[in-house]
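Letters A, B, ... are given to chains in the order of the sequence lines, protein chains preceding strands, and every chain is numbered from 1. FYI, side chains are in, hydrogens and waters are out, and symmetry mates aren't considered; it's all heavy atoms of this structure.
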Amino acid sequence: MSTTVRPGTETAWHGEDVTIREVLDALEAIRARFACSEAGDDEHVHPRNCVMTLISVTPSEADELSAEQTTLLIGREHPAQAIVIREEAPVRGHKLDARIGTEVQRPQMGCPTECEIITIHVGGQAADHLAELLDPLLVSGVPTYLWWLGTPPFGKKELLDALRICDGLVVDSARFEEPHRSFHGLSRLLKVAHHRLGLADMQWSRLRPWRETIAQFFTPADRRKFLSGIAEVGVDYAGEGRGNRIAAALVTGWMAAALGWKLKRAAAGPGGVVVAHYEAGARSVEVAFRSVQKDHLAPGELSAIRIAGASQGTTFRLTVQHDPERRAAQAEPAYRTLHPTEGEDDAGFELAERRAEWHRDVLHENIESLHHTATGDPPGESRPKRPVVLSRDRRRPDSQRVLLTMIEIGEGAPLRHVQQLDREDEVALLLDLLSTGTHDEVFNRSLAEASALVDRF
Amino acid sequence: MKVQEAPNPLAEGLHDYRVADPAVMVIFGATGDLSGRKLLPALYNLAKQRSLPAGFAVVGAAMNELTDQAFRQLAGQKIHQYSRTQPIDDRVLAAFLDQLFYVKVDFSKLDDFRALAQRVRELDNTNHIPGNRIFYCATPPPTYQTIAVQLQAAGLNTGEGFHRVVVEKPFGYDLKSARDLTQTLQKVFAEDSVFRIDHYLGKETVQNILAFRFANSIFEPVWNTNLIDSVQITVAEDIGIENRGAYYDHAGAMRDIIQNHGLQLVTLTAMEPPLAFEANAVRDEKVKVLRAIRPLLGEDIEQSTVRGQYVRGWVLGEQVPGYREEKNVAPDSQTETFAALRLFIDNWRWAGVPFYIRAGKRLPKRVTEIRIQFKRPPHLTFGRDAMKEVDPNAITLRIQPEEGISLKFGAKVPSAGLRIRSVTMDFQYQTSFLVEAPEAYERLLLDCMIGDPTLFTRADEVEAAWQLIDPIEESWRNSRPPLETYPAGTWGPPSAAKLLQADGREWHRP
């Protein structure tokens, strides 16, 4: 296990072929050392402040690095114990490799805290028994969240076992390898996981500005009647195929669950548009899903939502568009950081640069067509099994993105309203989800409705 | 009868989802200090959080001759300078400034208010606003009544939609002026449309007092005279009066802090559980506490109150002038910059428990906290020697800074013998939640837009507070007790310490 090249933290301990007992002993020694070093001569040691245990299960080294970085940033604001797990190929007789990284925070107000990140590489059968492996490491009395980067093994016993020790599971359905199938797995988890488990999806968190904007439109008392006058909904999304329709289904599922719409049927319409028909009391509501070409959006991301209808003789139309006027700035692609320079000289840098370019050209720019050719899956149906290169690129942390809302009511002039989108990096999304404790009934209902809709696609 | 709106089903589950109806907010005194430092930055941050509805517009109203564009420029500068969130997002700011307008208003001229009305009606049409208006008086208190009367004369307080007025503390100078103000405001606006801001109530930590007491089952059973020895409330500032000399020299620490912030903290600490966290239920309970406070009259005032004025001294390593040397302060000023009192709440829960309150300027540090001091154990099981390092149990609610709560209790010192020492169990707001707390004005402005007056002060609360303060002020005017001095950078005059020493207690050093 590498003990260098870890952003931010200092390696306080590492061990190869060790047991959890040894990790625990090391942790105890690190904590005691910190507590004693921070206490003054005339005061007792400060209490250890910890608000949660955050376990990240990572499918690749790139994800491991990403999880360490994310949990470190969270730990800087909110003292937590972070555990990062990665499964490795089993070696007979080898137990596990572990590393404990620490970073001390000295807030202006309050006591210093030490953020701990315990990184564990585990292989063989032990990896299938995460609960038993991790239980001794959990901090008593604070919630435990499991953040599964990539696609969790839905339907498998090992996932349910791992969830036994957790209060919440956080996934990102935008990163599922087979979005359509995995989304069903996520939905089924609601029925089979233990009743205390909260379920959270970063995709749902990304939809929050859309949901807020739509809800805002219907909030004034004189517009509430429009809720029962909705006749048409249009959802535009980037990318092709049903696998890229997950976010669109989720936002539709949210509206259907909230407004009591019943799904009747979904059918392909002209121009590649898929139309779902809902029954809303005596009325019907038509929801059209349209794939659009938007280079600045990641596949599956929402591009626009239009809601139109009439009530008591007044027509209304709400249009919410994602960053309609400008292309989002390109963030530094993650693949660059994945290539070590193999030496701090020009040759080493050039080699790394060439590898990075190959990654970009071959794996990134042409990913859709390459993957489609390689697997034979229809567009959007599946994603590379190990999205090492693409995982970070699918979401672009551009803090300048906006939602543009256009409101038209009756004969009045359209009203234009611009709102900023929140940061969409994993730190911000995780904080958003964890701050609500991952128990979100509205998400659960929306997920169930969306799953039913995805079924019809 | 007001018909209860059905909730918006699409709003369910959107945590912090508190979106107001579109409205026009008119800020009187829009070019002033409060508007620039607090209101405009708070509105910008609400826009940034997507909490302002489409169509929401702000009309600045002040004496200066400004165009819309000049006002936007001024607002942009203030937001850059004072916003809680940095860096400023240019697109959010541009969109926010687009909805800022300006009308020159001389408060004495009805025609100016008519022009304002015209501008507001235009915005109703262009922004799909159903007549909703909020009038924010970010102006000196003596102008509140004039503004209210002019609003009525210009017909700005009637018509479709809601019409709310926001006024800042102090609400009056004494009981009579507070009643006059209430009467004037109530002639123009319904009481539930009058929002009296005491920004302390917008602080998360102040609201957390109620959560701490009423969302937990372990504290409330001990929260009474059976186990509590005394309560200390400290509202200390290290700064002087800055550029508020003209105001402060007429107000003093009692009117500036104790009459509002101080008594609000007393009510939140002492109130009975309300039936619900709902405006009138909460405020009813607060008023009951104010009415149960034993009035200080006659000799009580000399024995239970202390007033002091700072003289030249050292604060935070810097030498600072005395109060009478400050700008716009009379050289022979008798205004107190420090006040301390001992109060008793005559009800079943608090019988015999003294509440000590102190507030002052140029004290050693800026700190606001409530300390609940518990009684000593009835029997010293471990003997007097083992317990000599142990203070009585105490819960400290830290309002600012280092927001949090700590519990002090005794624990055995690791050793062969048996010695007990005080240790602290600590909760820190800053590091225990995964979300950033909004600024008090953001919370209160949004509450006002939504029409939730829970965190605003009701007329009867204001009057009950003045009923307690008026006799003290009158006695102080007659130098009973006399005004003492204290060097800047100390915890008040000697009598402040004596106030507690007389009861066998001492102030906790925050």
Side-chain angles (χ1 to χ4, degrees), chain A residues 44 46-47 49 51-52 74 77-79 105 107-111 113 208-209 211-224 227 254-255 257-260 399-400 402-403 405 407 409 412-413 415-422 430-436 440-443 445-446, chain B residues 3 5-17 19-22 47-56 89-92 94-96 98-99 125-130 132 160-161 398 400-404 411 413 421-436:
Chain A
H44 60 273
H46 297 303
N49 196 357
V51 296
M52 65 178 160
I74 290 175
E77 296 292 325
H78 311 283
Q105 298 301 319
Q108 281 187 322
M109 310 291 182
C111 308
T113 60
R208 190 154 88 102
R211 293 186 286 130
E212 281 176 353
T213 303
I214 294 168
Q216 277 174 5
F217 173 76
F218 294 101
T219 290
D222 60 330
R223 293 186 205 156
R224 203 67 59 77
L227 282 171
W254 163 67
M255 291 183 72
L259 300 175
S399 65
Q400 293 295 303
V402 295
L403 282 185
T405 308
I407 293 173
I409 299 173
L415 178 65
R416 188 174 180 277
H417 187 54
V418 179
Q419 291 178 298
Q420 189 201 29
L421 282 171
D422 295 330
L430 258 184
L431 285 175
D432 183 48
L433 292 170
L434 298 182
S435 66
T436 54
D440 184 349
E441 283 303 316
V442 177
F443 169 64
R445 290 199 294 267
S446 306
Chain B
V3 179
E5 283 286 341
N8 176 0
L10 293 175
E12 190 192 347
L14 289 166
H15 63 96
D16 292 343
Y17 181 83
V19 171
D21 285 9
K48 195 168 179 213
Q49 295 152 31
R50 301 188 297 273
S51 293
L52 295 184
F56 180 84
D89 187 293
D90 290 338
R91 292 185 84 164
V92 173
F96 173 67
D98 264 357
Q99 294 302 320
N125 290 331
T126 55
N127 286 20
H128 295 295
I129 298 169
N132 298 330
E160 274 186 42
R398 298 190 303 271
Q400 64 181 16
E402 292 187 53
E403 294 86 347
V413 178
R421 200 172 76 178
S422 288
V423 294
T424 305
M425 209 150 68
D426 210 24
F427 152 72
Q428 291 183 27
Y429 239 94
Q430 195 184 29
T431 53
S432 296
F433 288 102
L434 303 177
V435 285
E436 199 180 345

* **Interatomic distance, B:Arg50 atom CZ to A:Arg208 atom CZ [nearest 0.5 angstrom]** => 6.0 Å

* Approximate separation, where rounding is to 0.5 Å, of A:Asp222 CG and B:His128 NE2 -> 10.5 Å

* Checking heavy atoms, do the side chain of A:Leu227, its backbone, both or neither come under 4.5 Å from chain B? ->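 Just the side chain, heavy atoms under 4.5 Å.
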
* Asked: By a 4.5 Å heavy-atom criterion (distance strictly below it), what part of B:Ala54 contacts chain A: side chain, backbone, both, or neither?
  -> both

* To do: Under 4.5 Å heavy-atom distance to chain A, tell me which part of B:Pro53 shows up: side chain, backbone, both or neither.
  =>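 For B:Pro53, the backbone is the part near chain A, not the side chain.
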
* To do: Keeping the roles fixed (side chain from B:Asn8, backbone from A:Ala215), state whether a donor-acceptor pair exists under 3.5 Å.
  => yes

* Asked: If you count heavy-atom pairs under 4.5 Å with chain B, which of A:Val418, A:Ile409, A:Asp440 comes out on top?
  ->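 Heavy-atom pairs under 4.5 Å are most numerous for A:Ile409.
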
* side-chain hydrogen bond (donor to acceptor under 3.5 Å, both in side chains) involving B:Asp21 - partner list, sequence neighbours excluded ->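 Listed in chain order: nothing, the list is empty.
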
* Asked: Which atom pair, heavy atoms only, marks the closest approach of A:Val442 to B:Glu12?
  ->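 Taking A:Val442 first and B:Glu12 second, the nearest heavy atoms are CG2-O, 3.5 Å.
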
* Structure fact -> Correct closest heavy-atom pair for B:Leu10 and A:Met255 would be CD2-CA, 4.2 Å

* Does a side-chain heavy-atom distance below 4.5 Å link B:Pro22 with A:Arg223? ->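 Touching, per the 4.5 Å side-chain cut-off.
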
* side chain to side chain contact (heavy atoms under 4.5 Å, CB included) partners of A:Ala257, counting only residues at least two apart ->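 Testing A:Ala257 for side chain to side chain contact (heavy atoms under 4.5 Å, CB included), a comparison that skips the adjacent residues, returns A:Arg445, A:Glu449.
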
